[in-house]
Amino acid sequence: MLLNRENSGTRWYKRPDGPEKVTGRLSYLTDLSHPDMLYGRVLRSEYPHARIVAVDLEAALRLDGVRAVLTWRDVPGLNRFGIATPDQPVFCEDLVRYTGDAIAAVAADTPELAEAALALIKVSYEELPVVDSPEAALVDQAPKLHPQGNVLHRTEVKRGNAEAAFAECVHVVKETYYTPRQMHTYMELEGGLFVPEEDGRLTVYAATQHGYKDRMQLSRILALPEEAIRVISSPIGGSFGGKDELNVQPYGALLALRCGRPVKFHNSRKESVRAGLKRHPMKIEMMTGTDEQGYLVAHRVRMISDTGAYATLGAPVLNFATEHCLGPYRIPHVDVEGMAVYTNNGVAGEFRGFGGNQTIFAVEGQMDRLAALLSMDPWEFRRRNMRSSSDPGPLEQRILETEGLAQVWEAVENSSLWQSRRGGIEEEKPLPWIRRGIGASLAMHGAGLGYGLPDPAGGRLSLTEKGFIEVAFSYEEFGQGLVATLEMMLIDLFNCSASDLSIVIGDTDLVPHSGSSTASRSTTMAWMALQRLKDPFLKQILGIASALTGIIPEQLVTGPGGVWQVEEYKRMAAPLLRPRVTYAEIVAAATEPLVFDTRFDYPTTPDAVMGGHFLYTYAAVIAEVEVNLLTGEAKLQDTRHIVAAGPVMNPMGYLGQIEGGSVMALGFTLTEDAVMTHGRYATPNLDTYIIPTVRDIHSSLEVEAIEELPEGDPYGPRGVGEVGSVALAPAIAEAIYQATGVRVKHLPVRRELLMRPLDSLIGQEKGVKWG
């Protein structure tokens with residue numbers, strides 16, 4: 001199935017939230033207000049590493065209109081947060097470890113007064129040496145940033161004897177790859193409204209990907225039962241992993257409870273840069289060897305990730321990177337070691353792709369370099385070493401068998417874009433300094449949280465008192481089109497109309513604990529939940545309808561507005577036809593609530609280690625790149641994503657996710673790097689941090705969806721929220737090599753590496769051979 005925006009058909013479905021978003025009528029959580037609300041602000045550290053000598057709050061407290069100034073002494077419970085490892089202080093007691101660390105928080109009548117109060121707080125510091133890189137953190141003399149040292153987490157995968165195997169290899173490539181600290185740059189910045197209720201409960205309106213996890217963390221901080229906290233978290237103006245962790249929630253909650261009034265927070269872009277999560281920058285050393293025929297023999301990897309000052313999900317990200325640094329290939333001798341290291345840099349954490357982007361760039365780079373050494377077509381080299389459907393996963397774990405990897409490989413092989421490279425097509429160019437090349441890459445990307453991590457799933461299906469078919473999940477809508485996908489699933493299951501449906505998400509008071517909108521899992525989990533709930537729901541509904549109509553259940557079917565007799569449903573367009581019984585009439589006749597729940601775990605594999613996955617999505621990318629050798633600019637001209645993720649539930653959402661992920665990967669590859677100098681951001685705003693805009697996205701982008709799954713596959717459609725972002729970088733890197741002969745090992749691509757003097761280009765032939 002080739003997806004593009006010109007495709008037509010009934011499956012191209014208008015997003016329910018589309019009109020409100022494009023007209024600006026939709027309110028995000030940070031748009032909310034309350035007539036009695038205060039404004040909250042956080043005082044953050046002046047230094048990346050320092051000891052706090054004294055904090056003087058007196059002047060701020062005396063300022064008229066300031067209602068509260070809080071420090072660590074005002075935290076009634078745990079003065080720490082962190083979704084997996086709670087090591088980040090809500091407020092620092094005696095030590096700051098990065099410039100985003102919080103010292104105090106203020107609530108005031110106006111934003112201006114809150115800012116003025118921050119300026120009046122006097123903090124005395126004793127500066128400490130700054131640990132500004134993982135290498136600096138690992139030397140013996142480095143300051144110890146945490147009691148256990150500067151290493152957050154280590155990983156290791158060993159099989160065979162890599163050291164001995166390298167001695168037998170005919171071809172060996174050794175390279176070091178570097179990937180950047182990338183920002184999420186979501187449209188809606190961190191913030192929300194925190195409302196103390198009359199019954200003593202607290203309502204939190206703040207963006208998150210996991211309302212129940214936020215509630216759990218806040219309960220520890222506030223020393224309140226979880227049930228005393230309500231988290232409402234949809235809709236969200238973008239997340240990409242960055243709002244999976246707490247950000248402003250502890251400060252808004254503490255201030256609201258102290259003042260007994262609603263408190264609003266909304267970070268500026270500069271504060272979001274300073275305190276928000278980023279993608280882990282990584283240094284990845286790889287050595288890979290083959291025999292004379294081009295079969296992989298040995299693979300050695302040493303990777304270091306900069307997790308910044310605190311852990312958040314730095315350990316699981318490293319686990320994921322370790323799993324994916326082996327690629328979709330059979331390698332008998334493997335020696336992998338990884339470290340996530342604390343520094344005084346900004347905190348790195350959850351980000352679309354979750355460590356896969358970094359290591360897939362590196363391992364695919366190795367494949368292209370080895371193919372060149374062997375004088376072999378790079379795609380044939382991959383086929384020769386690719387896992388078969390019956391092979392175990394990268395960690396030798398049992399995985400679900402599918403033909404997805406072979407299917408995406410074959411789609412590239414047969415693509416006209418890829419064949420044009422092999423055909424040696426020549427194109428006349430008016431300028432001799434313009435070069436073009438085409439590259440391709442391959443990826444398998446794990447879905448779900450992986451083995452060993454709690455990964456609850458489930459949902460609730462009911463017929464409400466008002467006659468709506470209602471589903472409830474603890475997932476969040478943050479722009480990925482979840483609401484539209486759920487609507488389409490329900491319409492497919494029950495033949496009803498959108499007006500018959502009620503979808504409840506993002507409210508811990510109203511939804512069951514069915515897990516988070518993370519790890520490309522929501523579509524699969526919702527589909528599996530609905531498959532489990534469909535039969536008991538229909539049995540009850542059709543049974544009541546049969547009692548009301550005298551028609552046997554086998555002759556009844558759900559449809560628009562209610563339950564229909566089967567033959568009449570087939571002639572539904574005929575005038576005067578209506579359901580035999582409406583959904584509201586069924587509810588009125590029921591003797592008990594028509595509510596059905598299910599709970600299960602995301603599928604994992606019993607023999608995995610360190611978060612190894614059972615379900616994978618497979619993808620390949622072809623990229624055509626034009627390089628200007630005078631300016632060093634690389635422009636993406638044509639892109640084709642081939643994705644094997646099972647049936648497409650929502651074509652527009654599917655296409656939007658791949659397009660969005662691809663654009664994010666374009667920034668990761670060519671322009672984005674949140675540079676830090678001595679523990680301070682050198683790119684504090686979007687005037688110096690360059691993300692792709694419409695001007696940069698001028699390439700042709702096609703998405704080919706491979707929908708086949710093995711017969712009897714019980715897991716349904718796979719999510720595609722991340723897979724569009726993980727494989728573009730190595731395809732662009734290979735295209736640049738084909739165009740210029742320059743091997744890229746450092747992202748974003750440095751223009752100076754591609755620049756050539758004008759006099760060296762004048763006189764060259766204008767006919768440029770692609771590839």
Side-chain angles (χ1 to χ4, degrees), residues 175 177-183 185 281 357 361 364-365 368-369 372 417 420-421 424-441 621-640 659 662-675 677 682-701 725 727-771:
E175 188 64 274
Y177 301 88
Y178 300 86
T179 63
R181 180 180 285 103
Q182 187 180 17
M183 296 187 198
T185 56
N357 312 60
F361 166 63
E364 287 297 285
D368 285 324
R369 286 160 172 78
L417 180 57
S420 71
R421 171 189 180 276
I425 296 174
E426 295 192 0
E427 181 176 311
E428 287 296 321
K429 288 289 177 185
L431 302 172
W433 46 81
I434 300 296
R435 299 286 189 271
R436 285 196 177 187
I438 296 175
S441 63
V621 177
I622 313 170
E624 179 188 341
V625 175
E626 180 181 275
V627 180
N628 185 321
L629 297 178
L630 288 183
T631 65
E633 182 181 17
K635 290 184 178 180
L636 188 60
Q637 298 294 320
D638 204 347
T639 318
R640 189 179 184 98
E659 287 180 342
S662 186
V663 172
M664 188 166 277
L666 182 63
F668 174 72
T669 308
L670 296 181
T671 62
E672 294 187 48
D673 192 1
V675 176
T677 303
T683 52
N685 213 337
L686 296 186
D687 52 356
T688 51
Y689 182 85
I690 308 303
I691 61 173
T693 67
V694 172
R695 181 179 178 276
D696 304 295
I697 307 162
H698 48 70
S699 66
S700 168
L701 193 157
S725 74
L728 181 64
I732 290 176
E734 175 62 10
I736 288 172
Y737 171 74
Q738 294 294 333
T740 67
V742 175
R743 286 288 184 196
V744 173
K745 62 181 182 180
H746 196 295
L747 299 182
V749 177
R750 295 173 174 175
R751 288 192 177 196
E752 59 268 26
L753 295 178
L754 307 181
M755 294 171 68
R756 299 290 180 270
L758 178 61
D759 57 5
S760 71
L761 299 169
I762 292 175
Q764 293 186 12
E765 293 181 359
K766 293 183 179 180
V768 177
K769 191 173 183 177
W770 289 16

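Side-chain atoms are counted along with the backbone in the values below, which use heavy atoms only and exclude waters and symmetry mates.
Of all non-hydrogen atoms in Gln738 and Gly437, the two that sit nearest each other are CB-CA, 4.0 Å. Nearest approach of Ser441 to Glu364, heavy atoms of both residues: CA-OE1, 3.4 Å. Here the closest non-hydrogen pair linking Val621 and Ala731 is O-CB, 3.8 Å. Here the closest heavy-atom approach between residue Glu659 and residue Leu701 is recorded as CG-CD2, 4.0 Å.
At distances below 3.5 Å, at least one donor-acceptor pair connects side-chain atoms of Arg435 with backbone N or O atoms of Pro432. Between the side chain of Asn357 and the backbone N or O of Ser725 there is at least one donor-acceptor pair closer than 3.5 Å.
In this structure, the side chains of Leu636 and Leu728 come closer than 4.5 Å at one or more pairs of heavy atoms. By the 4.5 Å heavy-atom criterion applied to side chains, Asp368 and Arg743 are counted as neighbours. The closest side-chain heavy-atom distance from Asn628 to Ile434 is below 4.5 Å. The shortest distance between side-chain heavy atoms of Met664 and Gln182 falls below 4.5 Å. Two residues are said to be in side-chain contact when any heavy atoms from C-beta on lie closer than 4.5 Å; Thr683 and Asp673 fail this criterion.
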What side-chain donor-acceptor pairs closer than 3.5 Å can you find for residues 745-756, not counting sequence neighbours?
from: His746; atom 1: NE2; to: Arg750; atom 2: NH2; distance (Å): 2.8
from: Arg756; atom 1: NH1; to: Leu753; atom 2: O; distance (Å): 3.4

Thr671 and Asp696: side-chain contact (heavy atoms from CB on, under 4.5 Å), yes or no, with the steps?
CA-CA 10 Å; Thr671 62; Asp696 304 295; 6.0 Å; no
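Using a cutoff of 4.0 Å between basic side-chain nitrogens and carboxylate oxygens, Lys635 and Glu624 are not scored as salt-bridged.
When the ring pair (Phe, Tyr, Trp, His ring centres under 6.0 Å) test is applied to Tyr177, the partners found at least two apart in sequence or on another chain are Phe361.
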